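Remember, it's a predicted structure, so these values are computed and weren't measured experimentally.
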Amino acid sequence: MARHKQSSLLLLPPIPANLDVATLPKVYKSIAETAKKTCEPAGKAYHEYCKRSLGLEVQEESTKATRDRSQSQEEDAKRRKEWEERHKDDVTAAIEEEPEENLYEVLGLGHIGFNASQKQIKKAYQKMILKHHPDKKKGPKSEAEKNGETDPKWLAIQKAWDVLSNESKRRGYDSTFDFDDFIPTGNEELSPDNDDADFYELYGPVFERNGRFSVKKPVLLLGDHETDIAQVRKFYQFWSRFDSWREFSKYDEFKDGDIETAGCREEKRWMINQNEKIRKKKKKKEYERISNLVERAQKRDPRILRAREEEKQKKEKAAKERLAAKLAAEKELEEKRMAEEKEKAEAERIAKETREKEKKERQAKKKALKRRIKLINRRVETSCNWLNKSPSERLTALDMVDDICHGVQDADELSELFAALANVDAAKDEVNEKAAMKALEALNLAHQEKKQNKADKAKEQQSKREAVIRKEEELAAAKRDALKGEEWSQEELSTLAKALKKFPGGSRKRWENVAEYININCSQHEGKNRTKEQCLERVKELGKEMQAKRDSELVSSESAFEQSQRGVKARSSRKDALKASEQKQEEGKVESASETIWTDEEQKQLQLALKKYPASMEKNERWRKISAAVPTKTKKECVGRYKFIRAQILAKKK
């Protein structure tokens, strides 16, 4: 409804004709100026005004609340009027006739009942005491009448205020009213038409009726088919944790009068405990009733059923999508694998064809080379026969051919020699044969020079390598000597051991601290201190010495007789042993590790490999790497040696 500002005009009366101006009051000073004060606009109304001026949406909650409050007041006045018409008689007569009268009706709140707020109760009480106060009665009154002690109406008003103003007493009093504990059985036939209105009509009033006992306010109601599913779940969560203030004191076995007349304290306590037991049983049944109500409603709630069905369909759809994605991925992997296999097969085919082609070319070259060498030898023999060469000269000529042909890979490399002997078969005369032999000797001489140059060059390179190695060894020895310094005394070694214990591995600046500790605690330096490099080098040397000692002890665990016997057999019949080993391998027998000779170097390599590749590795992979670390031994020999040493150590311990 639009609001319009109403303006009114104030008309002044006319000036009287007989007015004496001299009698009028005189103005000596004008009115003082009004004081100016800066005010800051604030409040809910100003906030809404700012929102409207900015074009923002404003919720008309305040207007709605005002309208609802106005309607509530009108309805309250209407109910009050109806109730007062029904109770026109004196309240006192009603109290005398019905001592258990409704306390809300005593205060004039019968039309509201237990829904009345504390503010309404207080206001009604103030109205009733103003209306029915004993001082308003006329005539002489006794002291009791002045205090209202004999006025039943006044006493009823005071009792009603005493009970209803106290939250605990009021809850106990409200619990005494008759209450419909009915809840649906869950087997009712509900029509699915009309947006499941039967369900809301059946369960809605039940929840609303039981909500009066809720400790938590406001109480969530069932709603309708348009309620959001999140709000529905929140509703059931609220009612599944429903906290009721309902009391059951009216079912007490012993009333207040009975308890007060108890013979002793123990009897009184027993009466109270009996009442508490009854109340607890009733409270338990009350919560069971609410729990059954929530369970039955949730089981038949069409909104929950729709949400579950949608969630189920969503899960099924997601599962189908995952399955389709999985099948697509598997199909893609299968296609990729097949393509890779096809490419691999094609590459293998091409590689095989290339190898066969190269093999054929090598075989063809080899055959051509053999034919050319054979032809050259035949022509040299023919020349020797024509020239009547002696057997030694023939052998020398053939040796020259073999020397020239040695290491040749292609027949084209013998083209010069072949050309020199080309006319041997064509023109069999002494001149050609002598020319051919001279050409052979010249080629042999050139080949020997070339061979000698190659050998000299290789020797020179070997000499350079040996010189470099010697230089490196000298530098390493000089470095070791520089690090070693003077000989370590027994006192220094003992102090070094103490320093290593005092500064364990991982300590910050460990070797600097070790060197400093030795220099401080040893008295034999005479100004020559140990450096951290010398300490580190000495520790490495000690470690190598200890490792060598352990390896030698491990190798010497076998008896000297067995070692000597094995050495004699190895030196005397090495070839026979190898042949026997090959024969046994062919028969599927493996030679025992105790019959295989292991040098100190091989034993050391095995020990290092066992440390480097622990037993936590895969068995076959581990022994494959161990055998690779010992080049002169096979995998089976390494395994046998390990088992043999372990057996020797166990036997020694026993």
Side-chain angles (χ1 to χ4, degrees), residues 61 65 68-69 72 76 102-107 109-125 159-184 186 200 202-224 227-253 255-256 272-299 301 303-304:
E61 294 183 357
D68 294 344
R69 185 163 57 253
S72 177
D76 181 68
N102 191 324
L103 297 181
Y104 291 102
E105 293 182 357
V106 171
L107 295 180
L109 297 173
H111 60 291
I112 301 177
F114 52 78
N115 291 323
S117 64
Q118 286 293 331
K119 186 176 181 180
Q120 291 173 327
I121 292 172
K122 185 176 181 181
K123 187 176 181 180
Y125 170 69
K159 180 182 178 182
W161 170 251
D162 181 59
V163 173
L164 299 181
S165 62
N166 187 294
E167 189 70 22
S168 177
K169 291 181 180 180
R170 183 185 176 186
R171 287 180 176 179
Y173 174 73
D174 289 346
S175 299
T176 60
F177 284 90
D178 292 335
F179 181 74
D180 185 8
D181 290 336
F182 166 78
I183 62 172
Y200 304 113
L202 178 62
Y203 283 92
V206 179
F207 280 105
E208 186 176 359
R209 185 169 63 247
N210 286 272
R212 58 173 286 193
F213 298 116
S214 176
V215 175
K216 298 179 181 179
K217 300 292 182 179
V219 179
L220 300 182
L221 299 181
L222 184 62
D224 53 18
T227 306
D228 185 61
I229 188 62
Q231 186 66 20
V232 174
R233 289 195 175 97
K234 191 175 181 181
F235 164 79
Y236 284 109
Q237 185 179 10
F238 173 84
W239 280 93
S240 62
R241 301 175 183 176
F242 185 76
D243 188 8
S244 175
W245 53 259
R246 187 178 182 183
E247 294 183 357
F248 299 92
S249 57
K250 66 179 181 179
Y251 298 101
D252 289 350
E253 183 179 358
K255 305 300 180 181
D256 293 340
I272 295 173
N273 290 338
Q274 290 297 111
N275 291 341
E276 287 294 328
K277 288 181 181 178
I278 295 172
R279 294 181 186 180
K280 285 182 179 179
K281 288 182 181 179
K282 293 291 183 180
K283 193 77 170 180
K284 184 178 180 181
K285 289 183 179 179
E286 172 70 6
Y287 279 122
E288 289 178 356
R289 186 180 67 85
I290 297 296
S291 178
N292 291 333
L293 171 63
V294 175
E295 183 179 353
R296 294 169 187 176
Q298 190 173 10
K299 188 176 181 180
D301 194 331
R303 299 165 298 182
I304 297 293

Nearest-0.5 Å distance that lies between atom [atom1] in [X] and atom [atom2] in [Y]:
| X | Y | atom1 | atom2 | answer |
| --- | --- | --- | --- | --- |
| Arg233 | Gln298 | CZ | CD | 9.5 Å |
| Tyr104 | Tyr173 | OH | OH | 7.0 Å |
| Ser175 | Phe213 | OG | CZ | 6.0 Å |
| Ile290 | Leu293 | CD1 | CG | 6.0 Å |
| Ile183 | Leu202 | CD1 | CG | 10.5 Å |
| Asn102 | Glu105 | CG | CD | 4.5 Å |

Return the minimal non-hydrogen interatomic distance between [X] and [Y], and the atom names on each side.
| X | Y | answer |
| --- | --- | --- |
| Leu107 | Ala124 | O-CB, 3.2 Å |
| Lys169 | Val163 | CB-O, 3.6 Å |
| Gly172 | Ser249 | O-OG, 4.5 Å |
| Ser244 | Tyr287 | N-OH, 3.3 Å |
| Phe235 | Leu220 | CE1-O, 3.3 Å |
| Gln118 | Leu164 | NE2-O, 3.3 Å |

Is [Y] close to [X] at the side-chain level, that is, under 4.5 Å between some pair of heavy atoms?
| X | Y | value |
| --- | --- | --- |
| Glu276 | Arg279 | yes |
| Thr227 | Asp224 | yes |
| Leu222 | Val232 | no |
| Gln274 | Lys277 | yes |
| Asp228 | Lys234 | no |

Lys283 (side chain) donor-acceptor with Arg246 (main chain) under 3.5 angstrom: yes

Presence of salt bridge, Arg171 and Glu167, under 4.0 angstrom: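 A salt bridge is present here (some side-chain N lies under 4.0 Å from a carboxylate O).
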
Salt-bridge present (Asp181, Lys285; N to O < 4.0 Å): no

Pairs touching residues 209-221 that satisfy side chain to side chain donor-acceptor pair (under 3.5 Å), sequence neighbours left out: Asn210-Arg289

Stepwise side-chain contact (heavy atoms from CB on, under 4.5 Å) test for Tyr236 and Asp301: CA-CA 11 Å; Tyr236 284 109; Asp301 194 331; 2.6 Å; yes

Test side-chain contact (heavy atoms from CB on, under 4.5 Å) applied to Lys281 and Tyr251, step by step: CA-CA 11 Å; Lys281 288 182 181 179; Tyr251 298 101; over 6 Å; no

Test ring-ring contact (aromatic ring centres under 6.0 Å, His included) applied to Tyr203 - qualifying residues, sequence neighbours left out: Phe199

